[in-house]
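Quick notes on the structure that follows.
Letters A, B, ... are given to chains in the order of the sequence lines, protein chains preceding strands, and every chain is numbered from 1.
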Number of protein chains: 2
Amino acid sequence: MDVVILQWPAEEERRASLLDCGTPRLLLVGRTALPPVSSDPREDWVRMPSSDRDIQARVAGLTLRCREQDSGPTPGPTLSLDNDGILSNGRNWVALPPIEAALVGALLDSSGSVVSRATLQNAAWPDRDTPPNTLDVHMTRLRRRLVPVDVVVRTVRSRGYILDI
Amino acid sequence: MDVVILQWPAEEERRASLLDCGTPRLLLVGRTALPPVSSDPREDWVRMPSSDRDIQARVAGLTLRCREQDSGPTPGPTLSLDNDGILSNGRNWVALPPIEAALVGALLDSSGSVVSRATLQNAAWPDRDTPPNTLDVHMTRLRRRLVPVDVVVRTVRSRGYILDI
DNA sequence: AGATGCCGTTCATCCCACCGAAATATTGGC
DNA sequence: GCCAATATTTCGGTGGGATGAACGGCATCT
């Protein structure tokens, strides 16, 4: 887990998204900006300008702190899908309708590798076959629903789809 | 729990003893000193010289972080239901009539996962079965009553209900 | 007893999430 | 530019839930 370094307050939105997925981050605080106050142990900041040595030290501290914490009770941002179609990522979650749950299930099973359209069709409609476009439609809907939990489905043209967290 | 401010590396021994008793501390790092690298979330440091504003921000961050951590691994606001049907969330509370209390009880037992309609029916009417719509009506009333205590019951279509805090 | 208020039940109706299909738009490879 | 693959939008149908209203039981208050 690497520390992400970003500008503050310029990259405020990026910071928010990193916070959501629990990525450790170091904010470089502009000369006149107000430093952010956060309770997140995965965040730190330095007032710019600052020596490389100090920045390295902050990064090292952050890394240590995260490692410590990850080895603790919090196993880290895990993506999981339960039997009721609840997909949770960290503290966020969504309820997926049956078909979309089946699709995510198939994508999750082969997490990290591409899943073919045929496999997905089979997972979602085991006992029937559908016009090919149906899958596309459900993919679009699924993608929309996954936005709040910060999960992305990438398409690999003429090969299939793959999950990206 | 107050933050102790001390010089680094001059007060190295004092730092060690504060670390032992878990007191939050902010090290003022001398102009040429090497910054300490620590995994302790109750410690922070600033390179001197530094503005009061920045030091205040560090102290505030440390304080927040400690408070968060002290409140234990359960970060959620304590939601509890007693035997008299009093549901309290922080300093807010409501009195629930017997059936609604039973419903909340069941939802709370499986907090974090979906509770089926069947389970809820069984919790609310253990010795008899009701027309399915009865549950809906009680759910509607329950929701209305839960607004002031800031608790939401989400429905997971054709699966059941889940508590959301 | 009558009045009042809370609770539980049922009924009737309305809303909206989910799904499938078809039409249209966009993208990528050649 | 052309074609194939994929995206997106729209529409209608279906069924699960949500909601409001009405009724009866039961307690408390006057």
If you count every heavy atom of other residues, nucleotides or ligands that lies below 6.0 Å from A:D164 atom CG, does the total exceed 12?
yes

Measure the shortest side-chain to side-chain distance between A:L27 and A:L6 over non-hydrogen atoms and say whether it is less than 4.5 angstrom.
yes

Using the side-chain heavy atoms of B:H138, tell me which of these nucleotides is nearest: D:dT8, C:dG8, C:dC19.
C:dG8

Could you report the tightest heavy-atom contact between B:M48 and B:L28, atom names first, then the distance?
CG-CB, 3.7 Å

Between B:L26 and B:L62, does a side chain to side chain contact (heavy atoms under 4.5 Å, CB included) hold up when you go through it step by step?
CA-CA 8 Å; B:L26 178 62; B:L62 257 179; 4.2 Å; yes

Could you go through the side-chain hydrogen bond (donor to acceptor under 3.5 Å, both in side chains) check for A:S113 and A:S110 one step at a time?
CA-CA 6 Å; A:S113 64; A:S110 327; 4.8 Å; no

Please report the distance, rounded to the nearest Å, between CG in A:L142 and P in D:dT6.
16 Å

A:D136 CG - C:dA23 C1' separation (whole Å):
14 Å

What contact category does B:P98 fall into here, base, sugar-phosphate, or nothing, at under 4.0 angstrom with non-hydrogen atoms?
sugar-phosphate

Hey, is the side chain of A:R117 poking within less than 4.0 Å of OP1 or OP2 on D:dT6, counting only N and O atoms?
yes

Just how far, in rounded Å, is C1' of D:dT19 from CZ of B:R145?
16 Å

Shortest side-chain distance from A:R128, nucleotide among C:dG20, D:dT6, C:dC19
C:dG20

Between D:dT6 (P) and A:I162 (CD1): distance, integer Å:
15 Å

Considering only side-chain heavy atoms of A:N133, which listed nucleotide, C:dA23, C:dG8, C:dA21, is closest?
C:dA23

Can you see if the side chain of B:T155 gets near the phosphate of D:dG17 - specifically, an N or O under 4.0 Å from OP1 or OP2?
no

Choose from C:dG20, C:dC18, D:dA7 the nucleotide whose nearest atom is closest to any side-chain atom of A:R143.
D:dA7

If you check the B:R144 side chain, which of D:dA7, D:dT9, D:dG20 turns out closest?
D:dG20

Remember a base hit wins even if backbone is also touched, and classify B:P131 as base, sugar-phosphate or nothing at under 4.0 Å, heavy atoms.
sugar-phosphate

Looking at every strand, decide which applies to A:L135 at a 4.0 Å heavy-atom threshold: base, sugar-phosphate, or nothing.
nothing

For A:V94, run the side-chain contact (heavy atoms from CB on, under 4.5 Å) check against A:V147, A:I86, A:V104, A:V149 and tell me which one passes.
A:V149

Separation of atom CG in A:D129 from atom C1' in C:dG20, rounded to whole Å:
14 Å

The nucleotide from C:dC19, C:dT10, D:dA7 with an atom nearest the side chain of A:E100 is C:dC19

Between C:dC18 (P) and A:M139 (CE): distance, integer Å
17 Å

Report the distance from atom CZ of A:R141 to atom P of D:dC11, rounded to the nearest whole Å.
14 Å

Taking for B:L96 and for B:R157 the nucleotide of DNA chain C with the nearest heavy atom, the one nearer the 5' end belongs to B:L96

Is B:R154 near enough to D:dG17 that one of its side-chain N or O atoms lies under 4.0 angstrom from OP1 or OP2?
no

Residue A:P97, side-chain atoms from C-beta onward, closest of C:dC7, C:dA22, C:dC19
C:dC19

Between A:Y161 and D:dA5, is there a side-chain N or O to OP1/OP2 distance below 4.0 Å?
no

B:T140 near the nucleic acid: base, sugar-phosphate alone, or nothing, with a heavy-atom cut-off under 4.0 Å?
base

Within less than 4.0 Å of OP1 or OP2 of C:dG20, is there a side-chain N or O belonging to A:W125?
yes

